[in-house]
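Because the structure is predicted, anything quoted here is derived from the model rather than measured. So that the names make sense, note that chain A is the first sequence line, chain B the second, and so on, each numbered from 1.
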2 protein chains.
Amino acid sequence: MYSFTEENYLKTIYKLSELHSKNISTNAIAQIIQTKAASVTDMVKRLSDKKLIRYEKYKGVSLTEKGKKVALDTIRKHRIWESFLHTKLKFGWDEVHEIAEQLEHIKSEVLIDRLDEFLGFPTRDPHGDPIPSKTGSIPKNTYKILADMMEDEQVVMNGVLDHSPIFLQYLSKLKLEIGTVLLIIEKIEYDNSMTVKINGKTVQLSNNVTQNILVIPDARK
Amino acid sequence: MYSFTEENYLKTIYKLSELHSKNISTNAIAQIIQTKAASVTDMVKRLSDKKLIRYEKYKGVSLTEKGKKVALDTIRKHRIWESFLHTKLKFGWDEVHEIAEQLEHIKSEVLIDRLDEFLGFPTRDPHGDPIPSKTGSIPKNTYKILADMMEDEQVVMNGVLDHSPIFLQYLSKLKLEIGTVLLIIEKIEYDNSMTVKINGKTVQLSNNVTQNILVIPDARK
DNA sequence: AAATAAATTTAGACTAACCTAAAAAAATAA
DNA sequence: TTATTTTTTTAGGTTAGTCTAAATTTATTT
Ligand SMILES: [Mn+2]
Ligand SMILES: [Mn+2]
Ligand SMILES: [Mn+2]
Ligand SMILES: [Mn+2]
């Protein structure tokens, strides 16, 4: 139906829309797709012809319902494949994304449904991101950013904002993963770093790190 | 490394080489790839430039060692994915090929190794075809064609020559699958059809069918 | 051996997706 | 409100892979 490239553009526009709410600029897309602005202009014209996005010269783009469906479908596939790679093939959460970038473009509706069933209908991928349903509904994240939590609060890690392998590997080294319980010991005003306790061990997290960790208050506390 | 299309050409040339032993003709490739002879000529020039095949104008092509390695690697991936789809996701043997045609082009060496391990290192795919090893070695099939067997012989089905869904579905309907034991009751000279017993049930198989079934003599007999 | 048919290659075009360089529009600063 | 900078678009090319139609080579008949 849609090409590898088209799906990547739509997915990118969807993800940018989640953050910005405004129309998405040519440059923003170019940066993520790792291409030139001129190429993006080319492509958005074609996507617009196919009624997948709305495009007005110099005004950026937004997804139509049709385009949003394709984007969510691609994200669904991506996250289900990531779950498969992680839970069945034992890939680390820092390794799954790159392979899933390829697998998400396999064309077969029944395949992804069977895989979903094989995995027991997971609701979140290895990074804590929600998996869109077949019909394209996706739970809104109500997570908080670790940096915004108060001293003495106990929280559970539930996701990350930065998905880069280097960041994920760093978290693994600290034994910080989805489900890990954190107790906030101290917030250092000077550099906005944070002292937290993880499994009884005290570690210092820079602001850069705490800004990229999503948490929920710990129910057990 | 190599494109989707390049891998498909190499795989096709490999499979034709298995049958013909001679150089492979432009037309033969065109027919399988479902493209025009002119396009094949174009492509074989490029594959030749990359030292993946030997090509002489009007004389057909043959694989170099380098090309053979790529072909076998692609076939390995195809058959491992087919095994996964069949044994884990419960797809029928008539359904796996089409999806594997896409999955075989996923680029990741570690992925296919992990999948292989996850499946317990299968040696044959759902159609009875041998899975090439990582190093590209592949057992030579010593199977016989059912049509060539004698009356009163008992054999075990071990593969098919025709992989089309319609043929595979017909075999499934007859409860004929890999491992099924067949007793040859009678060979009809008139139309070369065959009366066989499958699980105690007597069925009539046309020459068209028996020419496409691979068997080995039953050890139990 | 010449004539005819079939297979293969060449020539010239097309599309998707990309590029660079230049032009035009929008945003920002003076 | 000009002037300058940044963003976006246009113009013109490139590459992989495809096509049709015509030319050429090889194979098969007569
Ligand atoms: Mn990912
Ligand atoms: Mn993810
Ligand atoms: Mn197959
Ligand atoms: Mn097979």
A.B. asks: Return the value, rounded to whole Å, for the distance between atom CD of A:Q31 and atom P of D:dT7.
C.D. replies: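 Answer to the nearest Å: 11 Å.
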A.B. asks: Whole-Å distance between C:dA17 C1' and A:H105 NE2?
C.D. replies: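 Whole-Å distance recorded here is 14 Å.
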A.B. asks: Assess the side chains of A:H105 and A:N8: does a donor N or O sit below 3.5 Å from an acceptor N or O?
C.D. replies: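 Indeed, the side chains of A:H105 and A:N8 share at least one donor-acceptor pair under 3.5 Å.
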A.B. asks: Between B:K45 and C:dT10, is there a contact of a side-chain N or O with OP1 or OP2 at under 4.0 Å?
C.D. replies: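 For C:dT10, OP1/OP2 do have a side-chain N/O of B:K45 under 4.0 Å.
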A.B. asks: Distance only, no hydrogens: is a donor on one side chain within 3.5 Å (strictly under) of an acceptor on the other, for A:S193 and A:D191?
C.D. replies: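 Present: a donor and an acceptor within the cut-off.
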A.B. asks: Are any of the side-chain nitrogens in A:D42 or A:K36 under 4.0 Å away from the carboxylate oxygens of its partner?
C.D. replies: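 So A:D42 does not pair with A:K36 through a salt bridge.
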A.B. asks: Quick one: do A:F84 and B:F84 satisfy ring pair (Phe, Tyr, Trp, His ring centres under 6.0 Å)? Show the steps, please.
C.D. replies: CA-CA 12 Å; A:F84 168 71; B:F84 169 71; 5.1 Å; yes
A.B. asks: Rounded to the Å, how far apart are B:E56 CD and D:dT25 P?
C.D. replies: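 Spelled out: CD on B:E56 to P on D:dT25 is 15 Å.
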A.B. asks: I need the CG-C1' distance between A:N27 and D:dT6, as an integer number of Å.
C.D. replies: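 After rounding, the reported distance stands at 9 Å.
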A.B. asks: Have a look at A:T26 and say if it touches a base, only the backbone sugar-phosphate, or nothing, with a 4.0 Å heavy-atom cut-off.
C.D. replies: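 Sugar-phosphate, no base atom in range.
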A.B. asks: In whole angstroms, how far is the C1' atom of C:dA16 from the OH atom of A:Y2?
C.D. replies: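 Those two atoms, OH and C1', are 16 Å apart.
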A.B. asks: Is the phosphate of D:dT8 approached by A:K59 (side-chain N or O, under 4.0 Å from OP1 or OP2)?
C.D. replies: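 Checking A:K59 against D:dT8: no side-chain N or O falls below 4.0 Å of OP1 or OP2.
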A.B. asks: Tell me: CD1 of A:I29 to C1' of C:dA17, nearest whole Å?
C.D. replies: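 A:I29 atom CD1 is separated from C:dA17 atom C1' by 15 Å.
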A.B. asks: Go along nucleotides 16-23 of chain D 5' to 3' and tag each nucleotide: B for a protein heavy atom under 4.0 Å from its base, S when only backbone or sugar atoms are that close, - otherwise.
C.D. replies: SBBBB---
A.B. asks: Between B:S137 and B:S133, does any side-chain donor sit less than 3.5 Å from a side-chain acceptor?
C.D. replies: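 Side-chain D/A pair, B:S137 to B:S133: present.
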A.B. asks: Could you note down all residue pairs passing side chain to side chain donor-acceptor pair (under 3.5 Å) where residues 10-19 of chain A supplies at least one of them, sequence neighbours left out?
C.D. replies: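 Found A:K11-A:E101, A:K11-A:E104.
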